[in-house]
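Note sheet for the following structure.
Below, read A as the first sequence line, B as the second, and so on, with proteins coming before strands; counting in each chain starts at 1.
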4 protein chains.
Amino acid sequence: MPKLRPETMAARRDEILAAAAACFARQGFHQTTIADVIAESGLSAGCIYGHFAGKDELIQAIGEQRHARDAALLTAARDSSDPLDGLRAIARAALADMQKEDGLRSRRIALQLWAEALRDDAIRVQVTEGVRRPIALIAELLQGGQRSGVIDRAINPRSMARTMVAMFQGFVLQRLWGEPFSTSEAMAAFEALLSGLATRR
Amino acid sequence: MPKLRPETMAARRDEILAAAAACFARQGFHQTTIADVIAESGLSAGCIYGHFAGKDELIQAIGEQRHARDAALLTAARDSSDPLDGLRAIARAALADMQKEDGLRSRRIALQLWAEALRDDAIRVQVTEGVRRPIALIAELLQGGQRSGVIDRAINPRSMARTMVAMFQGFVLQRLWGEPFSTSEAMAAFEALLSGLATRR
Amino acid sequence: MPKLRPETMAARRDEILAAAAACFARQGFHQTTIADVIAESGLSAGCIYGHFAGKDELIQAIGEQRHARDAALLTAARDSSDPLDGLRAIARAALADMQKEDGLRSRRIALQLWAEALRDDAIRVQVTEGVRRPIALIAELLQGGQRSGVIDRAINPRSMARTMVAMFQGFVLQRLWGEPFSTSEAMAAFEALLSGLATRR
Amino acid sequence: MPKLRPETMAARRDEILAAAAACFARQGFHQTTIADVIAESGLSAGCIYGHFAGKDELIQAIGEQRHARDAALLTAARDSSDPLDGLRAIARAALADMQKEDGLRSRRIALQLWAEALRDDAIRVQVTEGVRRPIALIAELLQGGQRSGVIDRAINPRSMARTMVAMFQGFVLQRLWGEPFSTSEAMAAFEALLSGLATRR
DNA sequence: GATGAATGAGCCTTCATTCAT
DNA sequence: TATGAATGAAGGCTCATTCAT
């Protein structure tokens, strides 16, 4: 990788990544050829290889983009006041994102990465790292709820956080397969789970 | 291409599929070459192509096997007595299967299929069909619970069934990525959800 | 090649050759697979290889059949009375054969053999042998005509015989390519050539 | 697949076609593998597939080259003065070409194409188109002869033109099979035919 | 820095042929 | 003798990657 002027470089990288993301979302990693990315970006093979060492690095970079997107979502949803409301805000943000064209496209790539994580260690680390933050945040909120007495002490915050994340991952899958899916339905189900966490009298 | 007698055929098909499943679980669909399947099966290229039109058909057939496995799991878990116990039995069966080597291997393939469903219509149909049955069965149990008064009438059975399936799909993902994961943790989370469905007094 | 009872053997051979001829005429030598011949004949691979050493021998045998057909045609057209009428009879027989479905099918194979003769010595010998007899016969008739004074002595019988055969070969080509082609047209052209051979006064 | 600049492309295309022509003339279409063309050209598989979609397109292009060669031959032979001399010039040009190494090589390919025309429609069109021009030109000359009174009005120009072409096609066949064949012999035969066309007194 | 023509290892697939039953 | 399942060498083609300009 030759060293380029940082600004130009960053701009080109983004250009390439945007093209790659479009291709990946449309055709998947393995069905996408470098030629596709070249056509989509309007650049040349040499140029792409000037910025990325190869297809794998391109996938890796796309994975980082996704990681960042999820982190941003989470940050935006952060609502420190009430623990339960904080959980609801996160849920709502995630579900809303899934209804936007942009969000869906990003999830299509996510699913590719989930599968890829099975055999590419770098991607597995990326994926599990990406999932760690929401889990930690949710677990914290749950602990907050336990401290303030609204959530049952018997609940294991980490397990429950993982379960909630699992739920949303499943929602993503079903949504991507084209199953009819409304945000309110999902929120209602989430509320049921929340009510199951309430302190027993 | 050669016309084979049904009996001979079935045996070889299974042999080939077993080899293919091993390869697919280990390396994924796209990283697996026909040469890999040949090596794994100990058969020849021509023999494989005598039974399957190509790699795609092999993937398709593997998908059907998985479909069948899930159906069998579900049937085995069927416990007609109490609705809530029925749900618990299904959850337990699914979670137990995920702890077995065999079950895990099968899930690795499932994840591949989930991703593949994004661009292969035949596989998408297979995957969504495969998910329809558990959803229907769970929804039925939930309705049974509503009829017998142990589950809140306000719950939408279909949505909740979908949510439960989503939860398990997410568990599968996390398990496959190597996250520490105990059946009892997951069952506890499931119980919390169940308690959230209970009729409010 | 195992030794079979001569009658059965001959019958099977013919069965196989008939199937092969049908395939070859339809698809050409190279586009025809042994599997095609198997399907067309209703026999098995092993059976075919019991009678023919391989595809090449099959082609060779088909070539001999064609050779024989032409020879039969020629014999039938033989009309010893008048030399010029003898030539006309041969021409008419050849042209008539080209109008029959059966004759056309055989010519399709002939054209394949003509091309094959370029690189297969055995076939080249077959083809040139097959052409030698008509040339010899025509040359004889021409010489007869020269002796009886109806044909110009300046004519080289062999060259002219070759030319006449060439003409018919060309007719075959054009007929096979689907060019409109009537027997009477061709006969008229042949008559013009004949009149060009007449003794100059 | 790569988009090439027209100039670069044309040069490489010719290089590839030259190599392909050499292989095809030597071994025939079906016996020639892409590997042969690669070896002959000194290029790589990828390069060849960058210029031609596949073997079929290569054959097609070779067919066009041949077409062009014949057209050039015809144009060069065009001698507008006397109709009969025009016909002689064409005959002589065609026969002379058959004696040159280059011409022979080209005819070997022609014969392949003639056979291929039986099952490939694109090639059949190419071949019949290629034959249409000489026929038309010869028919015109014959009509000219009829107008100027040197050729019998009873002759059908088109049929006779087709016959002459057929004759030369047959000459080509025999020449390719290695039959002894002198230009003067063939010209003498052609003269005989011409004299058969002369106006009857 | 960018270009794009060229590379070539490797993939999927076909099909003539064999051989145990 | 016939069967037909199995073989495996070989062919056509793709595509990630390189490098001279």
Side-chain angles (χ1 to χ4, degrees), chain A residues 1-5 8-9 12 30-38 42-58, chain B residues 1-5 7-9 11-12 30-38 41-56 58, chain C residues 1-5 8-9 12 30-38 42-58, chain D residues 1-5 7-9 11-12 30-38 41-56 58:
Chain A
M1 269 197 293
K3 284 173 189 168
L4 318 179
R5 202 148 23 99
T8 317
M9 181 151 160
R12 273 275 184 276
H30 302 291
Q31 280 71 13
T32 296
T33 69
I34 294 289
D36 290 331
V37 179
I38 289 169
L43 295 168
S44 67
C47 178
I48 289 173
Y49 278 87
H51 290 270
F52 297 90
K55 200 181 174 182
D56 287 350
E57 201 172 297
L58 215 43
Chain B
M1 172 174 288
K3 283 169 192 168
L4 317 175
R5 268 195 322 251
E7 323 117 37
T8 320
M9 192 150 155
R12 273 278 181 269
H30 301 291
Q31 280 72 12
T32 296
T33 68
I34 293 290
D36 292 329
V37 179
I38 289 169
S41 68
L43 294 168
S44 66
C47 179
I48 288 173
Y49 279 89
H51 292 268
F52 296 91
K55 204 180 172 182
D56 287 351
L58 218 42
Chain C
M1 269 197 295
K3 284 172 191 171
L4 319 178
R5 205 150 19 102
T8 317
M9 181 151 160
R12 272 276 185 276
H30 301 291
Q31 281 70 14
T32 296
T33 68
I34 294 290
D36 291 331
V37 178
I38 289 168
L43 295 168
S44 67
C47 178
I48 288 173
Y49 278 86
H51 291 271
F52 297 91
K55 201 182 174 182
D56 287 350
E57 199 172 298
L58 215 43
Chain D
M1 175 173 287
K3 282 169 193 170
L4 317 176
R5 269 195 323 250
E7 323 116 36
T8 319
M9 190 151 155
R12 273 278 180 271
H30 302 291
Q31 281 72 14
T32 296
T33 69
I34 292 291
D36 292 329
V37 179
I38 289 169
S41 68
L43 294 167
S44 66
C47 180
I48 287 173
Y49 280 90
H51 292 269
F52 296 91
K55 202 181 173 182
D56 286 351
L58 218 41

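- In this structure, B:H30 atom NE2 and F:dC15 atom P are separated by 13 Å, rounded to whole Å.
- The base-pairing partner of F:dT21, taking Watson-Crick or G-U wobble contacts with both distances under 3.5 Å, is E:dA2.
- For the pair A:I38 CD1 and F:dT17 C1', the computed distance is 10 Å after rounding to whole Å.
- Counting all heavy atoms, side chain and backbone alike, B:T32 lies closest to B:K55 at O-NZ, 2.8 Å.
- As a whole-Å value, the separation of B:R12 CZ from F:dG4 C1' is 13 Å.
- As a whole-Å value, the separation of C:I48 CD1 from E:dT18 P is 14 Å.
- Here F:dA16 is the nucleotide among E:dT3, F:dA16, F:dG11 with the atom lying nearest to any side-chain atom of A:T33.
- Taking atom CD on B:Q31 and atom C1' on E:dG10, their separation rounds to 15 Å, with Å as the unit.
- Nearest heavy atom pair, residue A:L43 against residue A:I38, reads O-CG2, 3.0 Å.
- In this structure, the OH atom of A:Y49 is 5 Å from the C1' atom of F:dT17, given to the nearest Å.
- Residue B:I34 is in base contact, counting any heavy-atom pair closer than 4.0 Å across all strands shown.
- Along DNA chain E, the nucleotide closest to C:D56 and the one closest to B:D56 are compared, and the more 5′ of them pairs with B:D56.
- Projected onto DNA chain E by closest heavy-atom contact, B:A35 and A:C47 fall at different nucleotides, the more 5' of which corresponds to A:C47.
- Annotation for A:H51 and A:C47: closest pair CD2-O, 3.2 Å, computed over non-hydrogen atoms.
- Using a 4.0 Å heavy-atom distance criterion, A:G46 is classed as a base contact.
- Between the NE2 atom of D:H30 and the NE2 atom of C:H30 there is a distance of 5.0 Å, given to the nearest 0.5 Å.
- Base pairing analysis places F:dT7 opposite E:dA16; the two distances defining the Watson-Crick or G-U wobble pair are each below 3.5 Å.
- D:M9 has its CE atom 14 Å from the P atom of E:dG4, to the nearest Å.
- Candidate nucleotides E:dC12, F:dT7, E:dG8 were compared by shortest atom distance to the side chain of D:A45, and E:dG8 ranks first.
- Of the candidates F:dA6, F:dT3, E:dG4, the closest approach to any side-chain atom of C:S44 belongs to F:dT3.
- Residue A:H51 contributes atom NE2, which lies 16 Å from atom P of F:dT17 at whole-angstrom precision.
- When heavy atoms are screened at a 4.0 angstrom cut-off, D:T32 is found touching the sugar-phosphate backbone but no base atom.
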